Amino acid sequence: LLVGSTSSDVYARGGLLTEANEVSNSLPVRDMISWTALMTGYAEHDHGNETLKCVEQLQLEGIHLNAATFVCTLKACGSTGAIAKGREMHGELIRMGLESDHLVSSSLVHMYAKCGSLREAQDVFDKLSAKDEVSWNALIAAYAQVGESESVFWMYERMLGEGKKPDLVTFVSVLTACSHAGLVDKGQLCFEALSSDCVSGPTLEHYTCMIDLLGRSGQVDKAVAMVMKMPIHPS
RNA sequence: GGAUCGAUGUUAUAG
């Protein structure tokens, strides 16, 4: 079981989903870890519908999902836009007392955001008893992706106001928002802030945001200079 | 005291 389940996981991670499924099918029993490995593989390689089929099969067999299966199911709902199923899962996981699990709750925020319901994403977020970095980032990133830059800045300020430290992922979203809003100066200030506050930054993503911001605002010369000077391999 | 112990969360760039 251990060898089979692990090799299914390896196939699934690499996107060899047919192989992953075959190996998983050949197992004497499929336990929850094997299910999750397969379902996560589907969810992360654009086969969220297959993840959801697994969920239905589990439900038919009367097997309850656990935190890990909820997480990959919510991801699949998000990537396929299956908001009705997502809401159903939301109700289910509350019944199972899993709403306070950090991985589950940030996945919920992410799911609603990916399904285009920023209202519900914000609502879930606001009601979280413990808001960790990832749930903040999931919501802020969602606003950045749809171009709601004002909401990004508002949430960012709120984060600072609550004494939370923005991390490298937060700054990617804030810089993205600056880029979409054409706020070069604000972007430069952020870039400097993260350069001094975050030990392991800036990353390639931050450079990409800054170069994008400079380029879009017409400062192509500065953008080029930044590409030449950056200490990371430009992609 | 530390590491490890089969599965799960958030991020960028033109077309």
Side-chain angles (χ1 to χ4, degrees), chain A residues 1-13 20 23-24 27 30-44 51 54-55 65-79 89 93 98-114 121 124-125 128 130-145 147 152 155-156 159 164 166-180 187 190-191 194 198 200-216 220 223 226-227 230 232 234-235:
Chain A
L1 177 64
L2 201 59
V3 172
S5 166
T6 304
S7 47
S8 172
D9 185 28
V10 169
Y11 282 130
R13 278 180 205 278
V23 173
S24 200
L27 298 177
R30 192 184 279 179
D31 64 5
M32 286 310 276
I33 292 184
S34 309
W35 274 108
T36 313
L38 186 62
M39 290 163 69
T40 301
Y42 284 136
E44 278 177 0
T51 307
C54 292
V55 174
L65 303 193
N66 64 18
T69 42
F70 272 117
V71 168
C72 63
T73 301
L74 290 170
K75 174 173 285 190
C77 291
S79 63
M89 292 296 106
L93 66 89
L98 290 171
E99 51 180 334
S100 58
D101 182 296
H102 285 206
L103 277 67
V104 170
S105 55
S106 60
S107 298
L108 259 183
V109 173
H110 185 241
M111 182 276 293
Y112 281 122
K114 283 292 178 209
V124 169
F125 175 84
L128 288 182
K131 301 168 170 50
D132 72 0
E133 289 277 323
V134 177
S135 47
W136 279 97
N137 288 341
L139 188 56
I140 293 177
Y143 285 126
Q145 283 160 7
V152 173
M155 288 292 292
Y156 174 67
M159 199 176 178
K164 306 280 183 182
D167 67 5
L168 291 169
V169 175
T170 321
F171 278 116
V172 171
S173 297
V174 177
L175 286 172
T176 301
C178 292
S179 180
H180 291 153
C190 281
F191 193 81
L194 80 93
C198 302
S200 46
T203 66
L204 176 63
E205 286 93 328
H206 300 103
Y207 278 101
T208 308
C209 289
M210 273 313 294
I211 291 160
D212 181 50
L213 172 53
L214 290 168
R216 282 181 202 275
V220 180
M226 189 159 222
V227 175
M230 58 190 279
I232 310 173
S235 58

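Side-chain atoms are counted along with the backbone in the values below, which use heavy atoms only and exclude waters and symmetry mates. All figures in this text were calculated on a predicted structure; none of them were measured in a lab. Proteins get letters first, then strands, A, B, ... in listed order; numbering begins at 1 in each.
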query: What is the minimum heavy-atom distance between A:Met111 and A:Cys77, and which atoms define it?
result: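 Heavy-atom minimum between the residues: CG-CB, 3.8 Å.
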How many whole angstroms separate atom [atom1] of [X] from atom [atom2] of [N]?
X	N	atom1	atom2	value
A:Leu2	B:rA7	CG	C1'	11 Å
A:Asn66	B:rU8	CG	P	12 Å
A:Met32	B:rG6	CE	C1'	15 Å
A:Leu74	B:rU10	CG	C1'	14 Å
A:Arg13	B:rU8	CZ	C1'	10 Å
A:Tyr42	B:rU8	OH	C1'	17 Å

query: Measuring from A:Lys75:NZ to A:Thr73:OG1, what's the distance to the nearest 0.5 Å?
result: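 Going from the NZ atom of A:Lys75 to the OG1 atom of A:Thr73 covers 11.5 Å.
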What does [X] touch in the nucleic acid at a heavy-atom separation under 4.0 angstrom: a base, only the sugar-phosphate, or nothing?
X	value
A:Ser107	sugar-phosphate
A:Asp167	nothing
A:Ala138	sugar-phosphate

- prompt: Distance check: side-chain N/O of A:Lys75 vs OP1/OP2 of B:rG9, anything under 4.0 Å?
  reply: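 Answer is yes, contact under 4.0 Å.
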Distance criterion of 3.5 Å, no angle test: do you see the side chain of [X] paired donor-to-acceptor with the base of [N]?
X	N	value
A:Asp101	B:rG9	no
A:Ser34	B:rG6	yes
A:Ser106	B:rG9	yes

Please list each protein N or O that sits under 3.5 Å from an N or O in nucleotides 11-15 of chain B, with the distance.
from	atom 1	to	atom 2	distance (Å)
B:rU11	O3'	A:Gln145	NE2	3.4
B:rA12	OP1	A:Gln145	NE2	2.8
B:rA12	N3	A:Thr208	OG1	3.3
B:rA14	OP1	A:Arg216	NH2	2.3

query: Residues in side-chain hydrogen bond (donor to acceptor under 3.5 Å, both in side chains) with A:Lys114, at least two apart?
result: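 A:Lys114 satisfies side-chain hydrogen bond (donor to acceptor under 3.5 Å, both in side chains) with A:Gln145 once adjacent residues are dropped.
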message: Checking A:Asp167 now: which residues fulfil side-chain hydrogen bond (donor to acceptor under 3.5 Å, both in side chains) with it, not counting sequence neighbours?
response: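 Once residues adjacent in sequence are excluded, the partners of A:Asp167 under the side-chain hydrogen bond (donor to acceptor under 3.5 Å, both in side chains) criterion are A:Asn137, A:Thr170.
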query: Hey, are the side chains of A:Leu175 and A:Leu194 touching, using non-hydrogen atoms and a 4.5 Å cut-off?
result: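 Result yes, sub-4.5 Å side-chain heavy-atom pair found.
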- request: Take A:His110 and A:Ser107 through the side chain to side chain donor-acceptor pair (under 3.5 Å) test and state the conclusion after the steps.
  value: CA-CA 5 Å; A:His110 185 241; A:Ser107 298; over 6 Å; no
- prompt: Have A:Asn66 and A:Thr69 got a donor and an acceptor in their side chains that come within less than 3.5 Å?
  reply: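 A pair is found: one side chain offers a donor N or O, the other an acceptor, under 3.5 Å apart.
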